[in-house]
Amino acid sequence: MSVIRKRTEEEMSSRQWERAWRQHWQTTGFSSYELRLKDSVAHGQRDFLMQPRSLNREDARLRRIMSEFEQGFRRLHKLGPAVTVFGSARVKPGHPYYELSRQVGRQLAEAGLAVITGGGPGIMEAANRGAHEVGGLSYGLNIILPHEQKPNPFIDENIEFHYFFVRKVMLVKYSCAYIVLPGGLGTLDELFEAATLLQCGKIGPFPLVLVGRDFWRGMRDFLLFMAEQEGFGTEEIGFARITDSAEEAVELVIRSLPPTLWNHLHPIEARPV
């Protein structure tokens with residue numbers, strides 16, 4: 001294939017992506033966007049600026065944010081060693097990734113670790129379900145969305161959040177390891193939040209394990225390319241280990257935990273599924 005032809009096809013693909021993106025947002029609509037509204041131009045810009053900012057509105061928002069942090073701290077501080085499982089909300093029961101996540105949750109619970117997820121359906125539900133089925137602790141940190149995300153039925157304690165960033169802090173703060181299964185943009189956001197905090201020494205060092213070799217291969221190759229371009233050092237990437245095995249993922253977590261945590265684990269005897 002000639003270079004010109006390849007570039008033409010890439011440009012066509014890019015335009016198709018752009019059209020699809022625009023059509024999607026024309027259908028779903030835009031959320032309101034706030035800008036500071038100056039008095040001198042208030043009348044002329046009122047139609048354009050859907051919601052003016054004010055000190056009172058910002059103060060109210062700050063109180064809501066603080067109340068969500070306080071709720072998370074109060075309800076999660078008592079949690080013992082826990083692992084957060086990230087992954088797609090769109091995977092259905094019976095899908096190989098769903099069953100893999102279910103096994104991850106089960107084996108984490110059997111090892112004596114609490115399981116934390118985003119509380120929704122799909123891979124999150126599967127991990128909570130696996131822990132719940134063997135009598136382990138199963139927590140869900142659910143996000144309130146315009147199209148409601150209902151908490152899955154396998155959660156011992158459900159905590160709801162309006163703000164994504166507050167929820168993400170809680171998903172990371174109260175875990176001593178992270179297991180990431182296939183997902184979408186939200187999963188990538190959570191993965192790189194944890195990876196960045198580990199890289200900068202703000203948490204850990206804790207294990208960050210990716211499950212699903214075929215799914216994560218492309219991202220791993222791109223990260224290795226970035227390292228070759230001196231974007232970061234390979235020693236800074238804490239998730240070089242990728243596996244297809246729930247058992248191996250949990251073993252990697254257990255082996256990587258600080259010895260001081262081992263005495264706090266209370267393993268559960270394995271039960272037949």
Side-chain angles (χ1 to χ4, degrees), residues 61-89 101 104-105 108-109 111-120 123-125 127-128 131-132 136-145 149 151-152 154-181 183 185-211 236-239 249-250 252-254 256-266:
R61 175 177 286 120
L62 181 59
R63 288 197 299 273
R64 290 196 301 271
I65 292 169
M66 290 300 298
S67 70
E68 287 204 0
F69 275 118
E70 290 172 0
Q71 174 195 216
F73 294 160
R74 284 197 306 270
R75 297 179 64 179
L76 291 170
H77 81 278
K78 62 183 182 295
L79 194 59
V83 173
T84 295
V85 179
F86 298 120
S88 172
S101 180
V104 167
L108 286 171
L113 291 154
V115 173
I116 302 175
T117 77
I123 281 172
M124 295 176 282
E125 174 186 297
N128 287 130
H132 179 79
L137 289 175
S138 176
Y139 279 68
L141 278 54
N142 194 45
I143 189 72
I144 301 171
L145 298 173
Q149 175 179 293
N152 70 66
F154 304 104
I155 296 171
D156 296 318
E157 185 162 355
N158 175 56
I159 306 174
E160 291 194 335
F161 295 89
H162 173 78
Y163 295 100
F164 265 109
F165 65 89
V166 178
R167 174 188 184 236
K168 191 163 54 173
V169 168
M170 299 302 158
L171 286 168
V172 173
K173 176 176 171 60
Y174 289 98
S175 290
C176 57
Y178 313 97
I179 294 179
V180 191
L181 284 98
L185 295 178
T187 301
L188 290 178
D189 180 38
E190 293 156 346
L191 163 60
F192 284 106
E193 173 80 6
T196 302
L197 292 172
L198 288 167
Q199 179 194 34
C200 297
K202 294 296 185 180
I203 59 174
F206 296 144
L208 177 56
V209 182
L210 307 188
V211 180
E236 297 178 87
I237 298 300
F239 49 91
V250 176
L252 286 168
V253 167
I254 298 298
S256 302
L257 291 178
T260 53
L261 285 180
W262 293 345
N263 293 332
H264 295 277
L265 299 180
H266 302 288

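In what follows, every heavy atom counts, from backbone to side chain, and hydrogens, waters and symmetry copies are set aside. Index from 1, following the sequence. This one's a predicted model, so the numbers in the text were calculated from it and none came from an experiment.
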Write down the atom of [X], the atom of [Y], and the distance for their closest heavy-atom approach.
{"X": "Leu171", "Y": "Gly118", "result": "CD2-N, 4.2 Å"}
{"X": "Gly119", "Y": "Ile155", "result": "O-CD1, 3.6 Å"}
{"X": "Leu137", "Y": "Ala131", "result": "O-CB, 4.1 Å"}
{"X": "Val253", "Y": "Ala177", "result": "CG1-CB, 3.6 Å"}
{"X": "Ala127", "Y": "Ser101", "result": "N-OG, 3.3 Å"}
{"X": "Pro151", "Y": "Asn158", "result": "CB-OD1, 3.6 Å"}

Would you check if the side chain of Tyr178 reaches a backbone N or O of Leu191 as a donor-acceptor pair within less than 3.5 Å?
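No, the answer is negative, given that no donor and acceptor are paired below the 3.5 Å cut-off.
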
Working to the nearest 0.5 angstrom, can you tell me the gap between Ile203 CD1 and Leu197 CG?
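Going from the CD1 atom of Ile203 to the CG atom of Leu197 covers 4.5 Å.
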
Roughly how far, to the nearest 0.5 Å, is the OG atom of Ser138 from the CE atom of Met124?
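Nearest 0.5 Å value for the CE-OG distance: 12.0 Å.
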
Measuring only between side-chain heavy atoms, which start at C-beta, is [X] closer than 4.5 Å to [Y]?
{"X": "Leu252", "Y": "Pro207", "result": "no"}
{"X": "Leu208", "Y": "Leu198", "result": "yes"}
{"X": "Phe73", "Y": "Met170", "result": "yes"}
{"X": "Tyr139", "Y": "Val115", "result": "no"}
{"X": "Val83", "Y": "Val250", "result": "no"}
{"X": "Val85", "Y": "Ile116", "result": "no"}
{"X": "Phe161", "Y": "Ile159", "result": "yes"}
{"X": "Phe69", "Y": "Val169", "result": "yes"}

Given side chain to side chain contact (heavy atoms under 4.5 Å, CB included), test Leu181 with Leu210 step by step and report yes or no.
CA-CA 6 Å; Leu181 284 98; Leu210 307 188; over 6 Å; no

Taking only residues two or more places apart in sequence or in another chain, which ones pass side-chain contact (heavy atoms from CB on, under 4.5 Å) with [X]?
{"X": "Pro205", "value": "none"}
{"X": "Tyr163", "value": "Arg61, Arg64, Ile65, Glu68, Phe165, Val166"}
{"X": "Ala249", "value": "Ile179, Val209, Val211, Thr243"}
{"X": "Phe164", "value": "Ile143, Leu145, Arg167"}

Quick one: side-chain hydrogen bond (donor to acceptor under 3.5 Å, both in side chains) pairs with a partner in residues 187-197, sequence neighbours left out?
Lys168-Asp189

Filter on side-chain hydrogen bond (donor to acceptor under 3.5 Å, both in side chains), then keep only pairs touching residues 77-89, sequence neighbours left out; what's left?
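Non-adjacent pairs meeting side-chain hydrogen bond (donor to acceptor under 3.5 Å, both in side chains): Thr84-Ser175.
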
Residues forming a salt bridge (Lys or Arg N to Asp or Glu O under 4.0 Å) with Arg75, sequence neighbours excluded:
Glu157

Run the salt bridge (Lys or Arg N to Asp or Glu O under 4.0 Å) test against Arg63 and tell me which residues pass, sequence neighbours left out.
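Salt bridge (Lys or Arg N to Asp or Glu O under 4.0 Å) list for Arg63, sorted by chain: Asp59.
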
Return yes when atom CG of Leu185 has more than 12 non-hydrogen atoms of other residues, nucleotides or ligands closer than 6.0 Å, and no otherwise.
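12 or below, so no.
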
Thr117: what forms a side chain to side chain donor-acceptor pair (under 3.5 Å) with it, not counting sequence neighbours?
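Counting only residues at least two positions away or on another chain, Thr117 forms a side chain to side chain donor-acceptor pair (under 3.5 Å) with Asn128.
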
